[in-house]
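Below is one structure, written out as structure tokens, with a few remarks after it.
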There are 2 protein chains.
Amino acid sequence: MQPVICTVDVVLLTLQDDALRVALLKRDREPFKGVLALPGGFIHPDDDAQTQDAALRVLRNKTGIEPPYLEQLATFSGPARDPRGWSVSVVYYALVPHDVIERAGHQEVRLASVDKPLNLPFDHRTIVDTAVARLRSKSQYSSLPCYLAGEAFTLPQLQRTYEALMGEPLNKVSFRRKITEMDMLEPIQGAFTAGSAHRPAQLYRLKPELRDQLTLIERGI
Amino acid sequence: MQPVICTVDVVLLTLQDDALRVALLKRDREPFKGVLALPGGFIHPDDDAQTQDAALRVLRNKTGIEPPYLEQLATFSGPARDPRGWSVSVVYYALVPHDVIERAGHQEVRLASVDKPLNLPFDHRTIVDTAVARLRSKSQYSSLPCYLAGEAFTLPQLQRTYEALMGEPLNKVSFRRKITEMDMLEPIQGAFTAGSAHRPAQLYRLKPELRDQLTLIERGI
DNA sequence: GCAATAGTGTCTCTCAGACACTATGGT
DNA sequence: ACCATAGTGTCTGAGAGACACTATTGC
């Protein structure tokens, strides 16, 4: 009986210019050597305590990034998705603020808009679409977008982040009511935006105790 | 390098006496031979077009059941969950009306309440808990519970199904408003419950075109 | 008629969105 | 002073829950 090829892939997503982008790397080996694809690799049973650790290892080794948010997306499988044979890929998606990618610069990471046509090897296009759908869906009723907004952000910035993900403008009063009621942010004392020709905005951060935990709301943003 | 063991497991859920129950089978081989566990088995790359087909095959062969709803839950992995070695299990959860299990009777299927303490081998307890959490969460804003209610059901029966899953009583008027607005059911012409000492209730079924597709609602039931 | 459950009409209270206002920086 | 954006107070309309009512069966 033919063996099953076991891999992990990571959909690393970020926001740049209010557009959702996915991180792609040139493959360093066959198949599809030199082609842009999702970061991925084999599971190493001797190194990885579970598939999530394999995903973190792949991301660290190939991009130098430690993502603030990483969640299992789904597992993709079949005889044809990888030319090497019947394969299983456990896929994770990660969210990082854009500046983290810029600062990492470990290898050449390309950012491609997820809304434009995109030719990817394997079934990576399907995987990206699944990840984007999951992110957009969860953004409606959770604190997920905060992980794209960075360490510190203003409420108007966070609102633009939510709007970019949900694809529609939000009511300012309602948005702030929701964020307040979620009780997940704390103002950074004395920290305001500056340098612009208008009133400065208060900077906020995720409450430390909620840093690794999604906050959910009943009725959506 | 040690190989990765690739399996699928299925969490088959049903409602009996307003309690959510999971189907367990006595294992027919080592490890844990004779112990009650989730139906599962190895992926057969030569037979299965993808892991979902492996899950369907396992379910068909071991229980004789073709579930009306089957969805990927998550993938569980690690060196210790299976005594045979580093393993990956792609887990699916299935929903079936209770009478389908009774009619199948292919092998001895035990139904255990998911809310009572339950000793299971491998990490099956964690898997069951994850499946139940997913089902209860999705029930709040989708037509998922319909798959537990059977082919035909009355609105009061469907409401009791939702209540059993959500663990709280629902307002009858609001519930019916929501179901109407979801526009997923059609009355079975001339079909009513009978034999009880009160007004008969109209029987409904899922609209055929929505049979294999979840209906979602914005603001929850 | 009576008990029991199915099914509906309507009122009220809550909450989300709209609007308008104030606040505070730069120029 | 004026512009631009941050941040807040308040009104209104839509929708969810509560209640009460009618409908239809068996006994």
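Pairs of residues two or more places apart, or lying in two chains, that qualify as side chain to side chain donor-acceptor pair (under 3.5 Å) and include a residue from residues 207-221 of chain A are D183(A)-K207(A).
Checking the phosphate oxygens (OP1, OP2) of dA16(D), no side-chain nitrogen or oxygen of N171(B) falls inside 4.0 Å. OP1 or OP2 of dG17(D) has at least one side-chain nitrogen or oxygen of S174(B) nearer than 4.0 Å.
L158(A) places its CG atom 18 Å from the P atom of dT5(D), with the value rounded to the nearest Å. As rounded to whole Å, 10 Å separates atom P of dA16(D) from atom CD1 of I221(B). One can place CD of E168(B) at 13 Å from C1' of dG17(D), the figure rounded to the nearest angstrom. Rounded to an integer number of Å, the gap from CD1 of I217(B) to C1' of dG15(D) is 13 Å. What separates CZ of R219(A) from P of dG15(D) is a distance of 12 Å, to the nearest Å. Atom CD of Q159(A) is separated from atom P of dT5(D) by 13 Å (rounded to the nearest Å). Look at CD1 on I179(B): it is 13 Å from P on dG17(D), rounded to the nearest Å. Put simply, CG on L170(A) is 17 Å from C1' on dA6(D), counting in whole angstrom units.
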How would you summarise protein contacts on nucleotides 9-14 of chain C per nucleotide, using B for base, S for sugar-phosphate only and - for none, with heavy-atom distances below 4.0 Å?
BB----
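With Y147(A) as the partner, the ring pair (Phe, Tyr, Trp, His ring centres under 6.0 Å) test is satisfied by one option alone out of F153(A), Y93(A), Y69(A): Y69(A).
Across the interface with DNA chain C, nearest-nucleotide mapping of G195(A) and K178(A) shows K178(A) to be the residue nearer the 5′ end.
Residues L148(A) and L135(A) meet the side-chain proximity criterion, which asks for heavy atoms closer than 4.5 Å. Between D17(B) and H98(B), every side-chain heavy-atom pair lies at or beyond the 4.5 Å cut-off.
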So which protein nitrogen or oxygen atoms get under 3.5 Å of nucleotides 5-7 of chain C's nitrogens or oxygens?
residue	atom	partner	partner atom	Å
dA6(C)	N3	R199(B)	NH1	3.1
dG7(C)	OP1	Q202(B)	N	2.7
dG7(C)	OP2	R176(B)	NH2	3.1
dG7(C)	N7	K172(B)	NZ	2.5
dG7(C)	O6	K172(B)	NZ	3.3

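The closest side-chain donor-acceptor pair between R81(B) and S87(B) falls under 3.5 angstrom. Checking T193(B) against T154(B) by side-chain atom types alone, no donor-acceptor pair falls below 3.5 Å.
Using a 4.0 Å cut-off between charged nitrogen and carboxylate oxygen, R205(B) and E186(B) count as a salt-bridge pair.
Aromatic ring pairs are classed by plane angle as parallel below 30°, tilted from 30° to 60° and perpendicular above 60°; the pair Y141(A) and Y141(B) is tilted.
Nearest heavy atoms, F175(A) versus L170(A): CD1-CD1, 4.0 Å.
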